[in-house]
Amino acid sequence: QVQLVESGGGSVQPGGSLRLSCAASDDTRCIGWFQQAPGKEREGVAAIYTGGGVAYYADSVKGRFTISQDSTKKTVYLQMNSLKPEDTAMYYCAATVITRNCGPLDRYYEYWGQGTQVTVSS
């Protein structure tokens, strides 16, 4: 059983930045970030292969968000720049131990963190 712990959420003004962290308790093949705004379905934001390489970015965050990792710490980061009010959501990290599951569909991830809130507002 892999445990995931997120941190780094908070409140920021439009145009600001935040960095989310997701620490895994064990090895995985892929870690992804998802966002869920109130009243909306959970959507994939970005994912990274823990062996190296970015799997994808959602179109809505390309050029603004960067996913990266520190393999020695089993930690994945989501650097969020130029934040917009529409980025406001609960952000979850998720992990899969099956490489081909790495992508934007939440049903393919076996393990989930508890979520961290990101609020972008003036």
Side-chain angles (χ1 to χ4, degrees):
Q1 191 81 353
V2 177
Q3 295 184 345
L4 302 173
V5 179
E6 300 114 328
S7 61
S11 295
V12 66
Q13 292 186 341
S17 298
L18 285 172
R19 189 177 81 156
L20 306 183
S21 298
C22 174
S25 63
D26 207 341
D27 291 332
T28 63
R29 290 292 182 264
C30 168
I31 292 180
W33 286 98
F34 293 79
Q35 62 180 193
Q36 187 167 23
K40 293 189 176 181
E41 292 187 354
R42 190 161 54 191
E43 298 179 338
V45 174
I48 190 166
Y49 295 102
T50 54
V54 176
Y56 82 98
Y57 288 103
D59 288 343
S60 60
V61 306
K62 283 180 182 176
R64 300 189 299 122
F65 291 10
T66 302
I67 191 169
S68 63
Q69 65 181 326
D70 182 336
S71 298
T72 63
K73 298 180 180 179
K74 295 185 175 61
T75 299
V76 169
Y77 305 99
L78 186 68
Q79 177 67 43
M80 305 186 295
N81 298 329
S82 302
L83 282 161
K84 304 175 181 180
E86 50 263 43
D87 295 319
T88 296
M90 186 72 80
Y91 283 74
Y92 298 90
C93 71
T96 177
V97 297
I98 302 172
T99 304
R100 65 177 181 272
N101 286 355
C102 195
L105 299 179
D106 58 2
R107 65 179 179 269
Y108 290 128
Y109 289 78
E110 301 93 68
Y111 306 103
W112 289 84
Q114 80 285 356
T116 185
Q117 178 68 37
V118 171
T119 302
V120 185
S121 174
S122 55

K.L.:
Just checking, any donor-acceptor pair under 3.5 angstrom between side chains of Asn81 and Ser17?
P.N.:
yes
K.L.:
Output the distance between atom OH (Tyr111) and atom OG (Ser25), rounded to the nearest 0.5 Å.
P.N.:
9.0 Å
K.L.:
Once you round to the nearest 0.5 Å, how far does CE of Met80 lie from CZ of Arg19?
P.N.:
11.5 Å
K.L.:
What is the distance from atom NZ of Lys74 to atom SG of Cys22, rounded to the nearest 0.5 Å?
P.N.:
13.0 Å
K.L.:
Between Trp33 and Phe65, does the ring centre distance come in under 6.0 Å?
P.N.:
no
K.L.:
Please tell me if the side chains of Pro14 and Pro85 come closer than 4.5 Å, counting only heavy atoms from C-beta onward.
P.N.:
yes
K.L.:
Strictly distance-based, threshold 3.5 Å: is any side-chain N or O of Ser82 a donor or acceptor partner for the main-chain N or O of Gly15?
P.N.:
no
K.L.:
Same cluster or not: are Val54 and Val61 linked, directly or through other Ile, Leu, Val, Met, Phe, Trp or Tyr residues, by side-chain heavy atoms under 4.5 angstrom apart?
P.N.:
yes
K.L.:
I'd like to check Thr50 versus Asp27 (side-chain heavy atoms, cut-off strictly below 4.5 Å). Are they in contact?
P.N.:
no
K.L.:
Could you state whether Leu18 and Ile48 fall into the same hydrophobic cluster, counting links through intermediate Ile, Leu, Val, Met, Phe, Trp or Tyr residues with side-chain heavy atoms under 4.5 angstrom apart?
P.N.:
yes
K.L.:
Looking at Ala58 and Gly44, what are the two nearest heavy atoms and their distance?
P.N.:
CB-O, 3.5 Å
K.L.:
Checking side-chain contact (heavy atoms from CB on, under 4.5 Å) between Val76 and each of Ile67, Asp70, Leu4, which is the one that passes?
P.N.:
Ile67
K.L.:
Taking Glu6's backbone N and O only, do any of them form a donor-acceptor pair with Gln114's side chain (distance below 3.5 Å, no angle check)?
P.N.:
yes
K.L.:
Under 3.5 Å, is there a donor-acceptor pair between the side chain of Gln69 and the main chain of Thr75?
P.N.:
no
K.L.:
Would a hydrophobic clustering, with Ile, Leu, Val, Met, Phe, Trp and Tyr connected at side-chain separations under 4.5 Å, put Leu78 with Met90?
P.N.:
no
K.L.:
Count the heavy atoms belonging to other residues, nucleotides or ligands that lie under 6.0 Å from CD of Gln3, then report whether that count exceeds 12.
P.N.:
no
K.L.:
Would you say Arg29 has more than 12 foreign heavy atoms packed within less than 6.0 Å of its CZ?
P.N.:
no
K.L.:
With a 4.5 Å heavy-atom cut-off, do Thr66 and Tyr57 have their side chains touching?
P.N.:
yes
K.L.:
Could you pull out the closest heavy-atom pair between Thr28 and Ala95, with the gap in Å?
P.N.:
CG2-CB, 3.7 Å
K.L.:
Report the relative orientation of the aromatic rings in Phe34 and Trp112; use parallel for angles under 30°, tilted for 30 to 60°, perpendicular for over 60°.
P.N.:
tilted
K.L.:
Determine whether Val97 and Asp26 make a side-chain contact, defined as any pair of heavy atoms from C-beta on separated by less than 4.5 Å.
P.N.:
no
K.L.:
Out of curiosity, does Val5 fall in the hydrophobic cluster containing Tyr91 (side-chain heavy atoms, cut-off under 4.5 Å, transitive links)?
P.N.:
no
K.L.:
Strictly below 4.0 Å, N to O, side chains only: are Asp59 and Lys62 in salt-bridge contact?
P.N.:
yes
K.L.:
Strictly by modelled atom types, are Glu110 and Thr96 linked by a side-chain donor-acceptor pair under 3.5 Å?
P.N.:
yes
K.L.:
Are Tyr109 and Ile31 grouped together when hydrophobic residues (ILVMFWY) are joined by side-chain heavy atoms under 4.5 angstrom apart?
P.N.:
no
K.L.:
Which value, rounded to the nearest 0.5 Å, describes the distance between Glu86 atom CD and Gln35 atom CD?
P.N.:
10.0 Å
K.L.:
Minimum heavy-atom separation for Arg64 to Leu83, with atom names?
P.N.:
NH1-CA, 3.9 Å
